[in-house]
Every structure is written in C-alpha cells, then in structure tokens.
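Keep in mind it's a predicted model, so treat the numbers as computed, not measured.
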Amino acid sequence: MRWPLARAEFRLRAMMVVLAICASVFAGRLVEVQALDTQAYAEKAASRFTSTVELPAERGVLTDSQGTLLATTEDAVMITADPTLVAEDAGVIIDVLAKYIDDPDPEAYRAALTKPDTRYSVIARKVPVATYVKIADELNSLGVYGIFRQTDPIRLYPEGETAAAVLGFVNSEGEGAAGFEMAADENLSGTPGTESYESSSGYRIPLGRNVVEPAVNGVSYELTLDAAIQSATERRLQQAMEENGASSASAVVMNVKTGEIVALANTPGFDPNSPSQANPDDMFNRAVTYAYEPGSTGKVLTMAAAIDSGTISSETKLQIPGSIEAGGSTVTDHWDHGLINLTARGALVKSSNVGMIMINRKLEDGVLRDYMKDFGIGQKTGVEVPGEATGLLPDEETFDSASGDRIAFGQAYSTTAVQMAAAVAGVVNGGVYNPPTLVRSATGPDGQPVEVDHGESRQVVSEETSEAVVDMMTSVVGPETNTWLAAVDGYNTAGKTGTAQKFNTETQKYDSFTTSFVGVAPAEDPTLLTYVVMQDAEGSGTSDAAPPFRDIMEYALPRYGIPPSTKKADYPAIDW
C-alpha cells in the first residue's frame, strides 16, 4: 500500500508514534539501570576497572628445642615485565640482570622480555629484595621502564643439611613438598589475603578505591629436635657408615620419659636449600619410612613379654643346646656350642637365638604376639612426618608356633627405627609407652599457643618388669662382654646389639645384614635412649653400631645435665 504524498500530516503522526515508542524503550531501560538493577550494574562497571592481587601469608618458622632457627622465610620477589614497554631494551635489561643474578644462561631472559601479545611476563623468581632494589635502581638510571615485582618469598634452612629429611622442603610454589614442611603444610602456610584497587589499562589509579583483606600468617612450631645433637649424630653416622662399608645409617635419640625425639638422623643426606640438586635416594627419612627385621634388639621385647606374663624371671635356668628345630629349619646361635647352662639373663647377654625360642615355647599361645602389638610393632607411631611405614606383625589368623619362635629372636616381623626405639623406650621407662613426637609446641600468628596432639601414654609392662629388663640389658654391656664397646664413660649403660640377615628381593636370598644397637643411660634412671641402625655394613651390631651409640650418648647426656652414675652397676652371673 502506498501513501499519497499529500498526506504530510499522517506521515508526521506516524513518525511521532515511532519516536514515542523508542523513547519509551529507552526510558524503560534507563529506569531498569538506574532504579531497579542499580547494584548489579554498578558492580559490573566497577569490575571492569578493578584489579585484585593476592597477598601471600608469611609461612610459619621452625625452631629446635633450644630456639635454633631450622626453617624461616626471607623476603624475595618475582621480577615481571610488560613486554610492550621493554622489548626494545631487552639487551640492556639482560646485561643488568646478569650482573646481579647468578644465572648460567642469562639470554634465556630474552624470550620473556620480548613475549608477544601480552603485557605480563615472568622474568625471574625468588630474587632477594636487596638484589631487586639494585636491579631497579640501575634500570631507572638507564631510563628503562616496564620492569615490576611481586612478592615471592624464599624458604631458607639456616642449618643446611642438619635434619634435612625431617624438615623436608617447599616447592617452587611455596608448598610443603616433603618432611614436616609437607605434613604441617596447611598450618604452616597460613591463609593468603587480597588487595583490590581501581585501575585503568592495568595501572593503579592514584587515590582510587582500595580494599585490603589481610593475610593470616602461618603457625610456627618448636620441634623437639636439638640441632646440636642432631648435627653431631649425623656426622658420627656418616663416619661409621664409611668405616663399615654401610649403604645407609639412621639413628633415633629419644627422651624416654616424654617420647620427645631429640635427634632423628639419616645419612647420606641432602641440603634442603637446594633439593633439586640432591640424589633422590638420599632424601628419604629412612628412620621412619624404611621397615626391616630388627634381629637381636627384638630380644629385649621378648624378655619383657616373658617376664611380665609371669612365665620366667631374669634368673630362670635354661639348658640350651647348640641348635633347635623351628618351622621346618634348624636354628643355631652365632657361635658354636654344645649344651650350655645359662640363665635367662645369660641368654640375653649371649644373644642366644636358641634360648629365645625355648623361652617363647614356655609362653601361652599368642601371648608374645599380644605383647608385641602393645609395644606398637606393626603399627604407625603417629610421628609427625609423612611416609611412615607400618612395619609388619603377623595377624592372629596366620600367627602360629613357628611365627612365635622366629619373632622371639627378631625375625618374622618388621619395624622401623622410630617404631623400635619407641617400643624399647616403653619397656625401660617404668613400662610406660610414650608415643614418639617431633613437636614440642606450636604458636599461632597472634602469639597464642596452638593445641598439639601428642597421643596418649599407656602402660605396656609393669614397673617391676621394666626394672628387671633394664637390669638384664645392663649385663649385656658388662665389662666381661664384647659389648663393652658400647659402655658410656661415667654412666651405667643398658643396651642390646642386633645383627639381622636382610632378604634381597633381587637374588631371593639373605645376602646382607642390618646391624644395630639400642641402649639407655643412666641404667639406674633411664632417661635418654639412642638406637643406631646401619644397612649392609660389613660387621656386627657390636663392632658397627655400638661405637657410634657410645659417642652420641657421651655428647648428649652431659648436654642435658644428666648426672653420671654414682654407684657401679652389679653384673650377676649369667650361667649356672
């Protein structure tokens, strides 16, 4: 249909109607924006001009029991660049960076400085603040603009290799990647904060709106370790390992009255300040993660079970043959002998496998296994580091007389150094087992104490049994024995050697040894326990592990003001 040209009045009215409709639409939209959805549209507009950055929390520090700093955080920055501003000056910037940052390939910076289609590029990480200030000052003097910084702290371990496997380390993102750093990462790391500010074209608007949500710093921990004893223990282990051709060595030094671990040493070790340069095989906390058959140190637990159950006393008389049949095989002692008359004390002093089997056969079925379970064998101790091995204790369904015979002299079950140390500590500490711990206390960012769960102590044998076993262990280190090498100068010493065959999964044979020594002093009031374990050493527990035990204890006991023994120990006869 065509409208006649003469009808101008009609055309005018039609245009007015169209304009009125458009005005109504615009007015409605204006009402929606300004009246109905004010908050939503304001937030949308603000978001386009607001930048938000994370404010890192400061990671908690780690100290030893004497206040020595073991792990701390140093202020450092991540150097970033706006390639649109610095690409033309890349050569000059590279020269300045190479002057202050030790980097084997400074030309690698060029790709980040000239990165296309971006206004943000990471140049270098973990640069100390003082170093960055020098870099920034020199670039400013050269008229170079476009280099910036962000917080990127460095985790430092002032004691170097000391307790490295215990402390662990953090990764490039500042997260705990091993050891206690990993186990307590959630508490140590704290909670990051945020800062939101008005910006334009990526730059902060001066005097613009600024909102800060502060970071909550991490929890700090006082560990039970003593850095001085830890370091001395590691050095002595390294020496013993080299002297005896061992592949590795571990040691636990523990306060038996509290369960606090004074030293948890492993060697070979590594430097947590440079974990990427370490041999991965040296980064394991072997005292916690490696399970093995303990051998003759386990005889301490057998004696404790037999005495506590009322089956024998330390002076029970035994007629011990040169060998005995057990589990389809013949078990002998480490020395050749015919029928000999020894007391139970003598069986422990002589470390007689045959004698231990005879004692086990006096026990009711399953009693030895029940005691071993109470001692914590085959169970995690709960010590506060990751990767703890459980060890193995035969379950009730598979436990039989053959199992009991072998468990009696330290085979057919496996344990870790920290698990075994805690078990023996429970026996000698008046029969009270204290769960081993590495944490003495924790403090929040507000300076207030943070609760720490140390587990519950439990009575595993009677006080009378404990005294009897310690007395027997004292005879082991008597002057007439070859274990006299373990005697701590000035202190009555109670201990036990261990030499266990190791099963090689590759050759399917027992072709190497685990040698160990566990002992306490002073014997009249057991306070400190040290357990030394060496893998693949060439000798025995007496020759390999006893000397480092003695040296560690001779350093640790006076350090804690533990007085020497005032009365010489008695050494009753071991035969009859």
Side-chain angles (χ1 to χ4, degrees), residues 294-326 331-364 367-368 371-372 375 404-411 424 427-428 431 461-487 492-499 517-520 523-524 526 540-542 546 567-576:
S296 294
T297 50
K299 292 171 182 174
V300 171
L301 307 183
T302 301
M303 282 297 185
I307 293 174
D308 196 65
S309 63
T311 305
I312 65 166
S313 73
S314 62
E315 307 312 313
T316 295
K317 296 179 179 179
L318 302 170
Q319 284 193 312
I320 302 174
S323 64
I324 193 169
E325 295 300 312
V331 177
T332 62
D333 287 326
H334 62 88
W335 82 103
D336 293 331
H337 63 81
L339 189 66
I340 55 175
N341 296 330
L342 292 177
T343 62
R345 178 191 302 272
L348 186 67
V349 171
K350 291 286 191 178
S351 200
S352 171
N353 297 334
V354 177
M356 290 297 146
I357 291 175
M358 294 175 64
I359 290 172
N360 171 62
R361 291 179 180 179
K362 293 177 181 290
L363 293 166
E364 293 184 9
V367 168
L368 180 57
Y371 271 98
M372 297 295 279
F375 296 147
D405 285 346
R406 292 201 168 273
I407 285 174
F409 63 89
Q411 288 187 356
V424 175
V427 169
V428 303
V461 294
S462 70
E463 187 173 351
E464 293 74 19
T465 296
S466 176
E467 291 177 356
V469 173
V470 172
D471 185 56
M472 295 169 75
M473 292 171 66
T474 304
S475 292
V476 172
V477 195
E480 302 302 320
T481 70
N482 60 0
T483 315
W484 186 247
L485 286 170
N492 293 327
T493 309
K496 184 69 188 77
T497 58
T499 304
F517 189 91
V518 62
V520 293
E524 61 274 13
S540 66
T542 300
K567 182 181 178 182
K568 187 176 180 180
D570 293 326
Y571 300 102
I574 63 174
D575 52 10
W576 56 278

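Remark: the backbone N or O of Gln319 is not paired with any side-chain donor or acceptor of Trp576 at under 3.5 angstrom. Remark: side-chain polar atoms of Thr481 are paired, donor with acceptor, to backbone N or O of Val476 under 3.5 angstrom. In this structure, the side chain of Asp333 engages the main chain of Val354 through a donor-acceptor pair within 3.5 Å. The backbone N or O of Thr316 sits nowhere less than 3.5 Å from a side-chain atom of Thr343 that would complete a donor-acceptor pair.
The side-chain heavy atoms of Leu348 and Val469, taken from C-beta on, include no pair separated by under 4.5 Å. The side-chain heavy atoms of Met472 and Ile307, taken from C-beta on, include a pair separated by under 4.5 Å. Residues Met473 and Val427 form no side-chain contact, since every pair of their non-hydrogen atoms from C-beta on lies 4.5 Å or further apart. Between Val331 and Asp405 the shortest side-chain heavy-atom distance does not fall below 4.5 Å. Within the 4.5 Å cutoff, side-chain heavy atoms of Ser352 are placed close to those of Trp335. Ile312 has its side chain within reach of Met303: a pair of non-hydrogen atoms, C-beta onward, lies under 4.5 Å apart.
Taking CD1 from Ile320 and CE from Met356, the interatomic distance works out to 8.0 Å, rounded to the nearest 0.5 Å. Taking CG of Asn492 as the start and OG1 of Thr474 as the end, the distance is 7.0 Å to the nearest 0.5 Å. Within the model, atoms CE of Met358 and CG of Leu342 stand 9.5 Å from one another, a figure rounded to the nearest 0.5 Å. One finds the CG atom of Asn482 at 4.5 Å from the OG1 atom of Thr542 (value rounded to the nearest 0.5 Å).
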Decide yes or no on side-chain contact (heavy atoms from CB on, under 4.5 Å) for Asn360 and Phe409, but give the supporting numbers first.
CA-CA 9 Å; Asn360 171 62; Phe409 63 89; over 6 Å; no
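Pairing each heavy atom of Gly410 with each of Pro294, the nearest pair is O-CD, 3.5 Å. Nearest approach of Ser309 to Leu363, heavy atoms of both residues: OG-CD2, 3.3 Å. Between Trp484 and Val477 the shortest heavy-atom distance is CE3-O, 3.0 Å.
Within the structure, salt bridge (charged side-chain N to carboxylate O under 4.0 Å, His left out) pairs that include any residue of residues 305-326 comprise Glu315-Arg345 (at least two apart or interchain).
Using a 3.5 Å distance cut-off with no hydrogens or angles, the side chains of Lys299 and Asn353 do pair a donor with an acceptor. Neither side chain, Lys496 nor Thr483, offers a donor N or O lying under 3.5 Å from an acceptor on the other.
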